[in-house]
Structures are given as structure tokens and as C-alpha cells.
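Notes follow once the structure below has been shown.
Just so you know, residue 1 is the first one in the sequence shown, and it goes up from there. For ligands, and for the atoms within them, numbers begin at 1 and follow the listed sequence. Note that the coordinates shown come from a computational prediction; the quantities given were computed from them, not determined experimentally. FYI, side chains are in, hydrogens and waters are out, and symmetry mates aren't considered; it's all heavy atoms of this structure.
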Amino acid sequence: MLLDKIKETTAFLEEKGMTKPEFGLILGSGLGDLADDIDEAIVVDYSEIPNWGESTVVGHAGKLVYGKLSGRYVLALQGRFHFYEGNPLETVTFPVRIMKALGCQGVIVTNAAGGIGYGPGTLMTITDHINMTGENPLIGPNLEEFGPRFPDMSDAYTKAYREVAHKVAKNLGMTLENGVYLGVAGPTYETPAEIRAYKLMGAHAVGMSTVPEVIVATHSGLKVLGISAITNYAAGFQSELNHDEVVEVTTRIKDQFKNLIKSILVEL
Ligand code: HPA
């Protein structure tokens, strides 16, 4: 049962010394090396953790890193699980359950996304999302210990956290936009017709992650800050899409991005 797995994994990680995280960090494509800046780090390979998924990220073992970042205790996922890799959503969102069980008050979720309107290099706080994955990680028996059967998604992306993010960005002289993230299953990029439809639906960014994790975070009462790094114009707004461009743009902006997250952590 899921609850038994959560208890087993929580006990294992507490035993490793991961005892009092305040914030969970879920780091998106190309943004994972923020975890390298964590002080007093306790690092555990995903392969050692009971009930944990297997990372398929090329050239990346997949590590859970606990320690201090900007003076706050964080639990960071270096390598997240995606639905398109074939992981069940229970696996994709299991780390969020563990963040809650270990005592986190909030999670910072980051991703690379295609821009609908916004262009490459834009950083955007997520104000809300549209779930187009066709799935929901809460389907199945409800974990009453964590939250209700029918969670309210009205305020999934915590307003107070967004306000902090904007204040910090302003102090750093950085431009930070706001927008709605539309989550798809992937792994194909969207068609131009899909993007035209998503634009009409009110989306500003599209990507293949985040939505399942935020649903589970909201279910268990975790506060959420979501930030998208726009790496390309979505399909139809530029001539072609490829992963190399996503990597190239995240590499270019990651120092700025890391600086923003670290400065936000001080203020949360
Ligand atoms: N679509 C979906 N996911 C993405 C994109 C995109 O254009 N860019 C980066 N991740």
C-alpha cells in the first residue's frame, strides 16, 4: 500500500539524517546543479532508496540531496521522474509525498517550458495550471492522512510565495513574468494546432512535468512556488523544436536562475 511505502521510505531517509527539511526542491531539465551548492550535504543515490523510481536521465545517476541552501534546510531532487519515461504517476509524485512526510512546508518546482507569447530566456512564475496530461495522480484510494478526496485547486500556486519571488527578482534587477502553465504528457512536442488551441485556453507556457507533482503537493497542503524557464517558442511560433535548444537555453540562464532561487529561499 502507498502509505506503507511512504512510511518505509521516510524512516529510511530519517535514518540517513534527512530529518528536518523546510522546503522541497524539484529541479527541472538543466537546472539540477543547484543541488551542488547545498552545504552540509547528505547525498543518497536514488538506487539506494526503497520504493523510489529509477532515473532514466542520461549521464545522471539521480540523487536526493539534503542540506542547507541559503541557510534553509532543503531536500532537493537532482533528476525528476517524468510520466513520458513510463513511470506511473505514483512514482512521479512519490518524492512529494516524502517531502510532506519529512516535514516540509513548501516545495519549489522548476521546469523548462515552451513559451506561448514568451520567448527563450524568459523566467515565469506559474500562477495556475491546466492539466492536459489526461491523467491525475490522485486517482485511486484517497490517502486520508494526507488530504481530502476532492482537493481544492483554487490556490495551488501559493500567492504569498509568488509575491516573494517578484520582490526578490525586482531587487536583483531581473525580469520575472507571470503565467499559466499547461502540462502535457509528452514525449512529443505539441503540434502547431495544439498550441493554437492552448493559447485560446489561456496558457502561456507548455511543458511535460510539474502538474502531477503540484496536484499531490496541493492535496497534502504543501505550499508551492512554480517557476518555468522558457527555452523556446512553442510549436508553430518558431520553425522547429529540438531538445538541444532546450539544453542550450537552460545552460545559458542557469546561473541567473540559481541566484533567483537561492535569494527567494532566504525570504520564504
Ligand atoms: N513543449 C513541451 N515541453 C517543453 C517545451 C515545449 O515546447 N520546451 C521545453 N519543454
Side-chain angles (χ1 to χ4, degrees), residues 25-34 55-60 62 77-87 89 92-93 108-137 157 175-215 224-258 260-261:
L25 299 183
I26 303 178
L27 305 169
S29 296
L31 306 166
D33 53 335
L34 179 60
S55 184
T56 66
V57 187
V58 185
H60 225 288
L77 290 189
Q78 211 169 22
R80 67 140 62 93
F81 304 115
H82 296 91
F83 190 43
Y84 62 72
E85 292 169 292
N87 297 300
L89 285 185
V92 172
T93 59
I108 301 179
V109 188
T110 70
N111 58 55
I116 306 177
Y118 295 136
T122 305
L123 293 179
M124 180 191 101
T125 57
I126 304 175
T127 57
D128 203 348
H129 77 218
I130 299 172
N131 180 5
M132 289 295 286
T133 65
E135 283 285 333
N136 192 302
Y157 295 83
T175 305
L176 184 61
E177 305 288 356
N178 276 313
V180 173
Y181 177 91
L182 185 144
V184 295
T188 47
Y189 290 113
E190 302 67 41
T191 64
E194 284 166 344
I195 293 298
R196 286 194 299 275
Y198 297 162
K199 186 177 181 191
L200 286 175
M201 290 165 73
H204 303 100
V206 57
M208 304 175 193
S209 66
T210 303
V211 162
E213 290 107 314
V214 171
I215 289 173
V224 174
L225 176 66
I227 301 187
S228 291
I230 307 295
T231 53
N232 54 278
Y233 287 105
F237 290 95
Q238 64 178 46
S239 57
E240 55 165 36
L241 300 184
N242 63 75
H243 187 61
D244 292 343
E245 183 187 14
V246 173
V247 174
E248 191 263 309
V249 175
T250 49
T251 305
R252 178 156 59 78
I253 63 172
K254 79 179 169 206
D255 286 337
Q256 199 191 12
F257 191 84
K258 286 190 322 193
L260 177 66
I261 302 288

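Residue-ligand proximity, Ala112 to ligand 1, at heavy-atom distances under 4.0 Å covers atoms 9 (C), 10 (N). Per-residue contacts place Asn232 under 4.0 angstrom from the following atoms of ligand 1 (heavy atoms of the residue considered): 5 (C), 6 (C), 7 (O), 8 (N), 9 (C). Here is the list of ligand 1 atoms found below 4.0 Å of a heavy atom in Thr231: 8 (N), 9 (C). Near Gly114, the atoms of ligand 1 lying under 4.0 angstrom from a non-hydrogen atom of the residue are 4 (C), 5 (C), 6 (C), 7 (O), 8 (N), 9 (C). In the vicinity of Glu190, heavy-atom distances shorter than 4.0 Å reach the ligand 1 atoms 1 (N), 2 (C), 6 (C), 7 (O).
Ring geometry for His204 against Tyr118 counts as tilted: the plane angle lies between 30° and 60°, on a 0 to 90° scale.
Under 4.0 angstrom from ligand 1, there are no non-hydrogen atoms of Ala235.
Among protein heavy atoms, the minimum distance from atom 4 (C) of ligand 1 is reached at Val206 O, 3.8 Å. Protein heavy atom at the shortest distance from atom 3 (N) of ligand 1 is Gly207 CA, 3.4 Å.
Between atom CG of residue Leu34 and atom CD of residue Gln78 there is a gap of 9.0 Å, rounded to the nearest 0.5 Å. To the nearest 0.5 Å, atoms CG (Leu260) and CG (Leu176) are separated by 6.0 Å.
Of the residues Thr188, Asn232, Thr231, the one that meets the side chain to side chain contact (heavy atoms under 4.5 Å, CB included) test with Leu241 is Asn232.
Using modelled atom types, one side-chain atom of Thr127 and one backbone atom of Gly179 make a donor-acceptor pair closer than 3.5 Å. Checked by atom type and distance alone, the side chain of Tyr181 pairs as donor or acceptor with a backbone atom of Ser209 at under 3.5 Å.
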